[in-house]
Amino acid sequence: MHHLREISTFRLKHVQYLVFDEADRLFEMGFAEQLNEIVKACPEERQTLLFSATMPKQIIQFSRAGLKDPQLLRLDQDSQLSAELRLANFLLRSNEKMAALLYLVRIIIPAGQSTIIFTATRHHSELIHHIFNRIQLKSTMIYGAMDQDARTMNLRSFRNNEVNFLIVTDVAARGIDIPMLHNVINYHFPPNPKLFIHRCGRAARQGMFVNKINPIQPNPV
């Protein structure tokens, strides 16, 4: 939209394929108006594709607007977990979560296995990353405000097994694809079921048996 509005010579008239990746997130963030504007700037004979781990109603409505013969392809139901995924939940007080996390990564998880740790904010990611460094556990992190070059470099080091722990926020985790991921830890539990399924989708692929660990903080009595 910035290019369309600010650069007078920028045109989309030769576009043949229009792809909206992480389409559900774009709609959740309120970009429906901008997406429709981009669609109108493209030729009518283009092919439009939307990719999403979940399928909210607004995406279905958008896919029907102005499209010729739209087709919906679903690889799996968004409420289904892999049968190969082993799930463990830990009921903890808030002041026990860090100790439980350190116990998991140092004692429970075998050395050398790749693990993604989900946190609520950038500051939580930085705290865990700092503590891991102090106890000589190699880790890296990705958060939404991080520079793209730094994100690419950190993700590459994790994919290449130079570090075994990747600490991320939900926004930053969008689009991250890690083949053969061993473990996912929800240091902060996701706020809704679809997000929980989306996090699970990074593990237990191609029949791989993995763990999904959730240190849950109980509600105060």
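Start at 1 with the first residue, then count along the sequence.
- At least one donor-acceptor pair under 3.5 Å links the side chain of Asp147 to the backbone N or O of Asp149.
- Between Ile116 and Phe158 there is a side-chain heavy-atom pair separated by less than 4.5 Å.
- When atom types are taken as modelled, the side chain of Thr140 and the backbone of Leu166 share no donor-acceptor pair closer than 3.5 angstrom.
- Rounded to the nearest 0.5 angstrom, Glu96 CD and Leu91 CG are separated by 9.0 Å.
- Using a 4.5 Å heavy-atom threshold, the side chains of Pro43 and Val15 count as touching.
- Considering only heavy atoms from C-beta on, Ile185 comes within 4.5 Å of Ile109 through its side chain.
- Phe10 and Leu12 make their closest contact through CE2-CD2, 3.6 Å (heavy atoms, listed as atom of the first residue, atom of the second, distance).
- Environment of CD in Gln148: crowded, with over 12 heavy atoms of neighbouring residues, nucleotides or ligands closer than 6.0 Å.
- Annotation: side chain of Phe20 is not in contact with side chain of Leu49 (no heavy-atom distance under 4.5 Å).
- Annotation: the span from His129 atom NE2 to Met141 atom CE amounts to 4.5 Å, rounded to 0.5 Å.
- In this structure, Phe165 and Phe132 have perpendicular ring planes: the angle between them is above 60°, well past the 30° mark.
- Distance check: Lys138 NZ to Asn161 CG gives 11.5 Å after rounding to the nearest 0.5 Å.
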Walk me through it: do Ser139 and Asn133 pass the test side-chain contact (heavy atoms from CB on, under 4.5 Å)? CA-CA 7 Å; Ser139 68; Asn133 285 341; 4.2 Å; yes
Can Met146 and Asn154 be said to form a side-chain contact (heavy atoms from CB on, under 4.5 Å), step by step? CA-CA 10 Å; Met146 180 176 287; Asn154 291 352; 3.6 Å; yes
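- Residues Leu127 and Met98 are in side-chain contact: their nearest non-hydrogen atoms beyond the backbone lie under 4.5 Å apart.
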Does His124 form a side-chain contact (heavy atoms from CB on, under 4.5 Å) with Thr169? I'd like the steps, not just the answer. CA-CA 9 Å; His124 291 101; Thr169 59; over 6 Å; no
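- Here the side chain of His188 pairs a donor or acceptor atom with the backbone of Ala120 at under 3.5 angstrom.
- Residues Leu155 and Met153 do not share a hydrophobic cluster, defined by chaining ILVMFWY side chains whose heavy atoms lie under 4.5 Å apart.
- The line from CD1 of Ile128 to CG of Leu137 is 12.0 Å long, rounded to the nearest 0.5 Å.
- For the atom pair CD (Glu33) and CD1 (Ile38), the distance works out to 11.5 Å, reported to the nearest 0.5 Å.
- Counting only heavy atoms from C-beta outward, the side chains of Phe90 and Leu104 approach each other to under 4.5 Å.
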